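Here's the structure, in structure tokens; my notes come after.
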Amino acid sequence: MSDELKARTKAFAHRCVKLAMALPNTPLGNHIRGQLIRCSTSVASNYRAACHAQSKAGFIAKISIVIEESDESQFWLEFIIDENMTKNNLVDPLFKEADELTAIFIASRRTARANE
């Protein structure tokens, strides 16, 4: 499962970066571009780090960061939709993926905490 999620989070990051690079070159577009790139790539990099955590506490700490970053990614995607910055059919699949990833990582953290 971890290899599948590593690939999935990396693909999510790539797709968010592509969307971010297509945002309008305006002050708002530039701001959201940077925010979306930062948080979506953080989902992938911190998930990889969680997979190599040296303790259960380390895993829980890293997976908590992943949850925060995937939720933040979803926020910025929703903001793009709210501001009509691009076609919704380009953003909706990423919004759904961010929601699914957040739910997966919340469940992982819950399981890890239950097994402490």
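Residue indices begin at 1 and follow the sequence shown. These numbers come from a predicted model, not from an experiment.
- Phe75 and Ile37 are assigned to two separate hydrophobic clusters, defined by single-linkage of ILVMFWY side chains at heavy-atom distances under 4.5 Å.
- Using a 4.5 Å heavy-atom cutoff, the side chains of Leu5 and Phe105 are in contact.
- In terms of heavy-atom proximity, Ser40 sits nearest to Ala13 at O-CB, 3.6 Å.
- With rounding to the nearest 0.5 angstrom, the NZ atom of Lys62 is 11.5 Å from the CD atom of Gln54.
- Leu94 approaches Phe12 most closely through the heavy-atom pair O-CE1, 3.6 Å.
- Of all heavy-atom pairs spanning Ala98 and Ser70, the tightest one is CB-O, 3.9 Å.
- Residues Val17 and Tyr47 do not share a hydrophobic cluster, clusters being chains of Ile/Leu/Val/Met/Phe/Trp/Tyr side chains in contact below 4.5 Å.
- Contacts of Arg33 classified as salt bridge (charged side-chain N to carboxylate O under 4.0 Å, His left out), with partners at least two apart in sequence or in another chain: none.
- Taking every heavy atom of both residues into account, Arg109 and Ile60 meet most closely at CG-CG2, 4.2 Å.
- Tracing side-chain contacts under 4.5 Å through hydrophobic residues (I, L, V, M, F, W, Y), one reaches Ile81 starting from Leu23; they form part of the same cluster.
- Closest approach of Val91 and Leu77 over heavy atoms only: CG1-O, 3.5 Å.
- More than 12 non-hydrogen atoms from other residues, nucleotides or ligands lie less than 6.0 angstrom from CZ of Arg38.
- Connectivity analysis of hydrophobic side chains (ILVMFWY, heavy atoms under 4.5 Å, direct or indirect) links Ile65 to nothing; its cluster partners are none.
- In this structure, Leu90 is a member of the same hydrophobic cluster as Trp76, with clusters built from ILVMFWY side-chain heavy atoms closer than 4.5 Å.
- The two residues Lys6 and Thr9 have their closest heavy-atom pair at O-OG1, 3.1 Å.
- In this structure, Ser42 and Glu72 have side chains that are not in contact, with every pair of non-hydrogen atoms separated by 4.5 Å or more.
- You'll find the side chain of Leu28 reaches within 4.5 Å of the side chain of Met85, heavy atoms only.
- When each of Gln74, Arg8, Arg15 is checked for a side-chain hydrogen bond (donor to acceptor under 3.5 Å, both in side chains) with Glu97, only Arg8 meets the rule.
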